[in-house]
Amino acid sequence: MRDEELSATLLAWYGRHGRDLPWRVGPAARLAGARPDPYAVWLSEVMLQQTTVAAVRDYFRRFTALWPDVHALAAAEDGAVMGEWAGLGYYARARNLLKCARVVSAELGGRFPDTVEGLRALPGIGPYTAAAVAAIAFDRPATVVDGNVERVMSRLFLVETPLPQAKGPLTELAGRLTPPVHPGDHAQAVMDLGATICTPRNPACGICPWRDPCAARAAGVQADLPRKAPKKAKPVRHGIIWVARRDDGAWFLERRPETGLLGGMLGWPGSDWVEGAPPADPMPPLSAGWQDTGEEVRHTFTHFHLRLRLWIAQVGPQAGCAGDGGADELQSGRGFVPAGAFRPSDLPTLMRKAFDLARPRLTDD
DNA sequence: AAAACGGGGCA
DNA sequence: TGCCCAGTTTT
């Protein structure tokens, strides 16, 4: 089948089965010539980096409700944005999101660049997001390559070279299929196909618009593609985490450094995380009647497993009287945050797990 | 070129 | 458990 036929077949399928998503323009509006808001496209695409649609949906709605345009987001407090991002992961995305919004707002008059090169120069926008925004928001014939596209192309054209080696050839194949008209719809169509039909396991070839031309299907190896280079095993790291609550209910929290793991996020003080045995003589963050709960907070990151021994303390009213403030006021360093100013939803998942384990053991009387 | 960087859903 | 996901940045 020719490339033009493949694109046409896919676009017809997309017209019938494309998903209705909060950041998409509905079919009726699209027929009337409406284009999606570049701000909404950019925001959704950043959220969708290494993240599933199901996880993104509600975050996208909350962000656009709080910050309807790029100027509003640019004017937001860092802590407010990090708090709303909590639980979505890859927190460097949120920091770069803010940086990018502030550049677009202050230096570009609130208008996103309409070319791949212009977009690519902004913080947090790499090859994928630049192509996605250019194609979807500005109708540029950019080739969008994500995990879905790689999988679909590897199957359609029976590419047996393992990733990441195959990245180049797969991008080249995807580029040949990119049509000059409606490239944004085409890009979303390939990704929708990968997300709903051409899935990693048990692809639904029976209802696939590319069932007939699919070379991997003909060879019966579709479920084995794309091949991937073997990955390293995850080591286990150990450490201690300290959760303290004052008698007036305030929590002892810290704002993590901008760079590194969970950068810029709210959390509980802790020891270093080391491979092998837990730290022998940990130094608590403040002097108090610390108590070993015997419980462990378990969490897995991209490249290691983590086990943190949970210590808790109930401390007197005199502790840390100076400088008390809300979580947003906790710009950096550590301090007591009044219960009324602390939202557990501002915590990344690891810290939330520790909180859920500690809370029933600490009173606010 | 390789490593760092989350979290949840699924088999 | 291990694998996967609408990747980008840093080293």
Side-chain angles (χ1 to χ4, degrees), chain A residues 18-19 21-24 40-60 82 85-97 99-100 119-133 135-137 142-152 163-165 167-168 171 174 184 186-196 198-203 223-237 256-265 267 273 298-306 347-353:
Chain A
R19 290 179 291 177
L21 301 173
W23 48 87
R24 283 188 181 168
V41 174
W42 162 73
L43 178 60
S44 66
E45 291 301 341
V46 172
M47 287 181 165
L48 285 163
Q49 291 167 7
Q50 295 289 286
T51 308
T52 55
V53 165
V56 164
R57 223 181 261 272
D58 290 342
Y59 282 87
F60 177 83
M82 299 313 288
W85 197 274
L88 201 51
Y90 283 125
Y91 298 98
R93 290 186 294 172
R95 298 193 302 273
N96 286 328
L97 188 82
K99 277 189 209 164
C100 182
L119 289 159
R120 183 68 183 78
L122 292 167
I125 299 189
Y128 165 77
T129 307
V133 174
I136 298 169
T143 300
V144 179
V145 182
D146 70 341
N148 286 311
V149 177
E150 289 174 350
R151 185 171 58 256
V152 170
L163 287 167
Q165 236 193 299
K167 177 95 182 172
T171 300
H186 172 82
Q188 293 176 92
V190 183
M191 292 190 283
D192 269 23
L193 187 72
T196 62
C198 197
T199 53
R201 291 173 292 259
N202 304 321
D224 302 324
L225 298 180
R227 302 200 191 282
K228 306 226 170 173
K231 24 191 87 169
K232 285 188 352 189
K234 291 179 169 131
V236 182
R237 293 188 193 173
R256 298 176 62 84
E258 281 296 306
T259 56
L261 206 63
L262 307 178
M265 298 301 291
W273 304 342
R298 291 190 178 206
H299 192 72
T300 298
F301 291 98
T302 314
H303 47 300
F304 62 92
H305 302 286
L306 182 62
L347 296 171
T349 299
L350 163 65
M351 301 299 172
R352 182 60 186 268
K353 286 179 184 172

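Just so it is clear, the structure is predicted and the values come from calculations on it, not from any experiment. So you know, we letter chains A, B, ... as the sequences are listed, proteins then strands, and number each from 1.
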### Message
Roughly how many Å apart are B:dA11 and C:dA6, using the P atom of each and rounding to a whole number?
### Response
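Each nucleotide's P atom is 16 Å from the other's.
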### Query
Quantified in whole Å, what is the C1' atom distance between nucleotide B:dG6 and nucleotide C:dC5?
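12 Å, rounded to whole Å.
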### Task
Check whether the side chains of A:Gln50 and A:Arg93 place a donor and an acceptor atom closer than 3.5 Å, and report yes or no.
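No pair is found: no donor N or O on one side chain lies under 3.5 Å from an acceptor on the other.
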Minimum-distance nucleotide (side-chain atoms of [X] versus [options]):
X	options	answer
A:His303	B:dC5, C:dT8, B:dG7	B:dC5
A:Arg201	B:dA11, C:dA6, B:dG6	B:dA11
A:Arg151	B:dG6, C:dC5, B:dG7	C:dC5
A:Pro200	C:dA6, C:dT8, C:dC5	C:dC5

### Task
May I ask you to say what A:Lys231 touches in the nucleic acid, namely base, sugar-phosphate or nothing, with a heavy-atom cut-off under 4.0 Å?
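If one applies the 4.0 Å heavy-atom cut-off, A:Lys231 turns out to touch the sugar-phosphate alone, with no base involved.
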### Message
Over all strands shown, is A:Lys232 touching base, sugar-phosphate only, or nothing at heavy-atom distances under 4.0 angstrom?
### Response
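Result for A:Lys232 = sugar-phosphate.
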#### Entry: B:dG6 base / A:Thr51 side chain donor-acceptor hit below 3.5 Å
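Side chain to base: pair present.
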### Query
Does any donor-acceptor pair link the side chain of A:Arg93 with the base of B:dA4 at a separation under 3.5 Å?
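No pair found.
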### Query
Which residue lies toward the 5' end of DNA chain C, A:Pro226 or A:Thr129, if each is placed at its nearest nucleotide?
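Per heavy-atom nearest nucleotide, the more 5' residue is A:Pro226.
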### Task
State, yes or no, whether a side-chain contact exists between A:His303 and A:Lys232 at a heavy-atom distance under 4.5 Å.
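Sidechains of A:Lys232 and A:His303: no contact.
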### Message
Regarding A:Asp224 and A:Arg201, does a basic nitrogen lie under 4.0 Å from an acidic carboxylate oxygen?
### Response
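The answer is no: the pair does not qualify as a salt bridge.
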### Task
Measure from the ring center of A:His299 to the ring center of A:Phe301 and say whether it is less than 6.0 Å.
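Yes: the rings meet the under 6.0 Å criterion.
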